[in-house]
Visitor: 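Take a look at the following structure, please.
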Protein chains: 2
Amino acid sequence: MTADKPKTRIQAKNQDAILKGALDVFAAEGFKGATLDAIAEAAGLSKPNLLYYFPSKEAIYLALIDTLLDAWLAPLSAIDPGGDPVEEILAYVLRKLDMSRTMPRESRLFANEILQGMPHISATIAGRLKVLVDDQAGLFERWIADGRLAPVEPHHLIFSIWATTQHYADFASQVEALVPGDETARFDGARDFLDAFYRRALTPS
Amino acid sequence: MTADKPKTRIQAKNQDAILKGALDVFAAEGFKGATLDAIAEAAGLSKPNLLYYFPSKEAIYLALIDTLLDAWLAPLSAIDPGGDPVEEILAYVLRKLDMSRTMPRESRLFANEILQGMPHISATIAGRLKVLVDDQAGLFERWIADGRLAPVEPHHLIFSIWATTQHYADFASQVEALVPGDETARFDGARDFLDAFYRRALTPS
DNA sequence: TAAGGGTTTGACCAAACGGTCAATCCGACG
DNA sequence: CGTCGGATTGACCGTTTGGTCAAACCCTTA
């Protein structure tokens, strides 16, 4: 299903430029709002040249999602079953918050896709996501059973982490309008809040 | 700036039908994804007839936002300064969660708008929002100073409430894919989680 | 009932859109 | 150097889109 590996250096360079440009445009405008002309300009190519490397706008979009999904979900997989439960989850929260700061386009890309009802997410991708989430939910439940984590429903805990951290990327325009100071100050404030918040909520009594 | 009050019953009925249909379409497709034909069909009118009542697609969108914003923000204003801090904020959380269940289209409408960088939100609307948020943040700070609320930064607390509750409307497709059971069960689980979570996080030690 | 104004619509337009294609360009390799 | 296959593009196409307009419709009221 995914594209073959590039053969020549020109192919590698151009496919990379296209995906980079497409990330800019799709994240800012959504799938329907993005135009091939805008992607071509962002990639520094002509529109027919875009379609020499990808057969359609949707193919670019799918390749982009496929390329970014693993990196986007990696921190959830990286939770160490051997570590301290509260500290492991807190590290995940802060890692996700940092990704909202350093990778806001990826966050908005997925936010747009899910908001529209995930029309481009295949059953296999959704299945991969569900397996990962269910696995980590099972880990959380074991931690809870061992009394090392406050008893909270794991799926909703994961949702709350996604929601609170990605909020600073997806709804950055609103956050900027409501909180004074520069970006660094805002993310420092968010870090302090989320650390204290999740520490209180997750530490077993 | 806002449209005048409708004069005739036909005007009232059709403007209402247009705004209802537009809510369906804009919430599902976003501003750029929505088409006048789709809105017209959802409203049960012809496209030229739409444009007899509103001068443009953007005018429909602006009227819709203007109509819905106050109701959408009302629960935040409704927090009672004379009530118990933790219970007041918890009631706000559960009210917002309930709105995600009963008004998901409104939630997605605003989510789409903010995701795109609030290109249609005027300075006056943003100003109204900021005054409201800053006011309630001030109330939270007084509660904290009185030792009746755990010391958390109020703006980030409000963001977390918006994020965790609206998540169940904005990203419903993802929640449905990851949590088994029907909608009622999912929202019951979310309610239990958020109640316990915020109660722990907000109760002063 | 006749008229007048508010209401509705089929037909249309210009621009933007995703995508195609034949022609051209260019760089690697014998 | 010549050539051959990959790379690039200007011109173009059919469709969709937001919006227009003149004609027709219909509801109210005198």
Side-chain angles (χ1 to χ4, degrees), chain A residues 3-66 109 112-113 116 119-120, chain B residues 3-66 109 112-113 116 119-120:
Chain A
D4 296 328
K5 294 289 173 190
K7 299 278 183 178
T8 75
R9 279 146 213 171
I10 290 182
Q11 283 175 2
K13 184 190 67 171
N14 282 347
Q15 287 193 11
D16 193 62
I18 291 170
L19 291 180
K20 274 189 157 53
L23 176 57
D24 274 340
V25 177
F26 281 128
E29 311 285 349
F31 180 78
K32 295 202 177 180
T35 69
L36 289 177
D37 289 280
I39 297 171
E41 189 184 340
L45 298 175
S46 66
K47 183 168 64 169
N49 208 9
L50 264 195
L51 295 164
Y52 174 75
Y53 289 101
F54 291 90
S56 69
K57 174 182 168 180
E58 188 174 27
I60 301 174
Y61 187 78
L62 293 177
L64 192 60
I65 285 198
D66 194 69
L109 180 79
N112 263 304
E113 172 66 16
Q116 307 306 320
H120 305 279
Chain B
D4 295 328
K5 293 292 171 188
K7 298 280 185 175
T8 75
R9 280 144 213 172
I10 291 181
Q11 283 175 1
K13 184 190 66 171
N14 283 346
Q15 287 193 10
D16 193 61
I18 291 171
L19 292 179
K20 276 188 156 54
L23 176 57
D24 273 341
V25 177
F26 281 129
E29 311 286 349
F31 180 78
K32 294 202 176 181
T35 68
L36 288 177
D37 289 280
I39 297 171
E41 189 185 341
L45 297 175
S46 67
K47 183 169 66 170
N49 208 9
L50 265 195
L51 295 163
Y52 173 76
Y53 289 100
F54 291 91
S56 67
K57 174 181 169 181
E58 188 175 27
I60 301 175
Y61 187 78
L62 293 177
L64 192 59
I65 286 196
D66 194 68
L109 180 80
N112 262 306
E113 173 66 16
Q116 307 306 320
H120 305 278

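A note on names: the letters A, B, ... follow the listed sequences, proteins ahead of strands, and every chain is numbered from 1. Fair warning: this is a prediction, and the values are worked out from it, not measured in the lab. When reading the values below, keep in mind they use all heavy atoms of this one structure, side chains included, and skip hydrogens, waters and symmetry mates.
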Visitor: At their closest point, which heavy atom of A:Ala22 faces which heavy atom of A:Ile60, and how far apart are they?
Guide: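 Minimum heavy-atom separation between A:Ala22 and A:Ile60: CB-CG2, 3.6 Å.
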Visitor: Please list, chain by chain and in numerical order, all residues satisfying salt bridge (charged side-chain N to carboxylate O under 4.0 Å, His left out) with A:Lys57, sequence neighbours excluded.
Guide: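 Applying salt bridge (charged side-chain N to carboxylate O under 4.0 Å, His left out) to A:Lys57 gives none.
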Visitor: Rounded to the nearest 0.5 Å, how far does CG of B:Leu36 lie from OG of B:Ser56?
Guide: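 Reported to 0.5 Å precision, the distance equals 8.5 Å.
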Visitor: Quick check for you: to the nearest 0.5 Å, what is the distance between A:Leu23 atom CG and A:Ile18 atom CD1?
Guide: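 With rounding to 0.5 Å, CG (A:Leu23) is 13.5 Å from CD1 (A:Ile18).
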Visitor: Suppose we screen for salt bridge (charged side-chain N to carboxylate O under 4.0 Å, His left out). Which residues come up paired with B:Glu29, at least two apart in sequence or across chains?
Guide: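 For B:Glu29, the residues satisfying salt bridge (charged side-chain N to carboxylate O under 4.0 Å, His left out) (neighbours in sequence not counted) are A:Lys32.
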Visitor: To the nearest 10°, give me the bend of the helix from C:dT1-D:dA30 to C:dG30-D:dC1, comparing the axes of its five terminal pairs at either end.
Guide: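 Between the axes fitted at each end of the helix from C:dT1-D:dA30 to C:dG30-D:dC1 lies an angle of 0°.
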Visitor: State which residues pass side-chain contact (heavy atoms from CB on, under 4.5 Å) with A:Ala38; sequence neighbours excluded, sorted by chain then number.
Guide: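 side-chain contact (heavy atoms from CB on, under 4.5 Å) list for A:Ala38, sorted by chain: A:Val25, A:Thr35.
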Visitor: State the CG-CD1 distance between B:Leu45 and B:Ile39, to the nearest 0.5 angstrom.
Guide: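 That separation rounds to 11.5 Å.
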Visitor: Using a 4.0 Å cut-off on protein heavy atoms (strictly under), produce a 5'-to-3' string for nucleotides 5-27 of chain C with B for base contact, S for backbone-only sugar-phosphate contact, and - for none.
Guide: -SBBBBB-----SBBBB------
Visitor: Which nucleotide of DNA chain D is the first, and which the last, in the 5' to 3' direction, to come under 4.0 Å of a heavy atom belonging to chain B?
Guide: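 For DNA chain D, the relevant span reads D:dT17 to D:dC21.
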Visitor: Is it true that a side-chain atom of A:Glu113 and a backbone atom of A:His120 form a donor plus acceptor pair closer than 3.5 Å?
Guide: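 It does hold such a pair.
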Visitor: Take the angle between the ring planes of A:Tyr61 and A:Phe26 and call it parallel below 30°, perpendicular above 60°, tilted in between.
Guide: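 Plane angle over 60°, so perpendicular.
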Visitor: With a 4.0 Å cut-off on N to O distance, would you call B:Asp16 and B:Lys20 a salt bridge?
Guide: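 Yes, charged N to carboxylate O under 4.0 Å.
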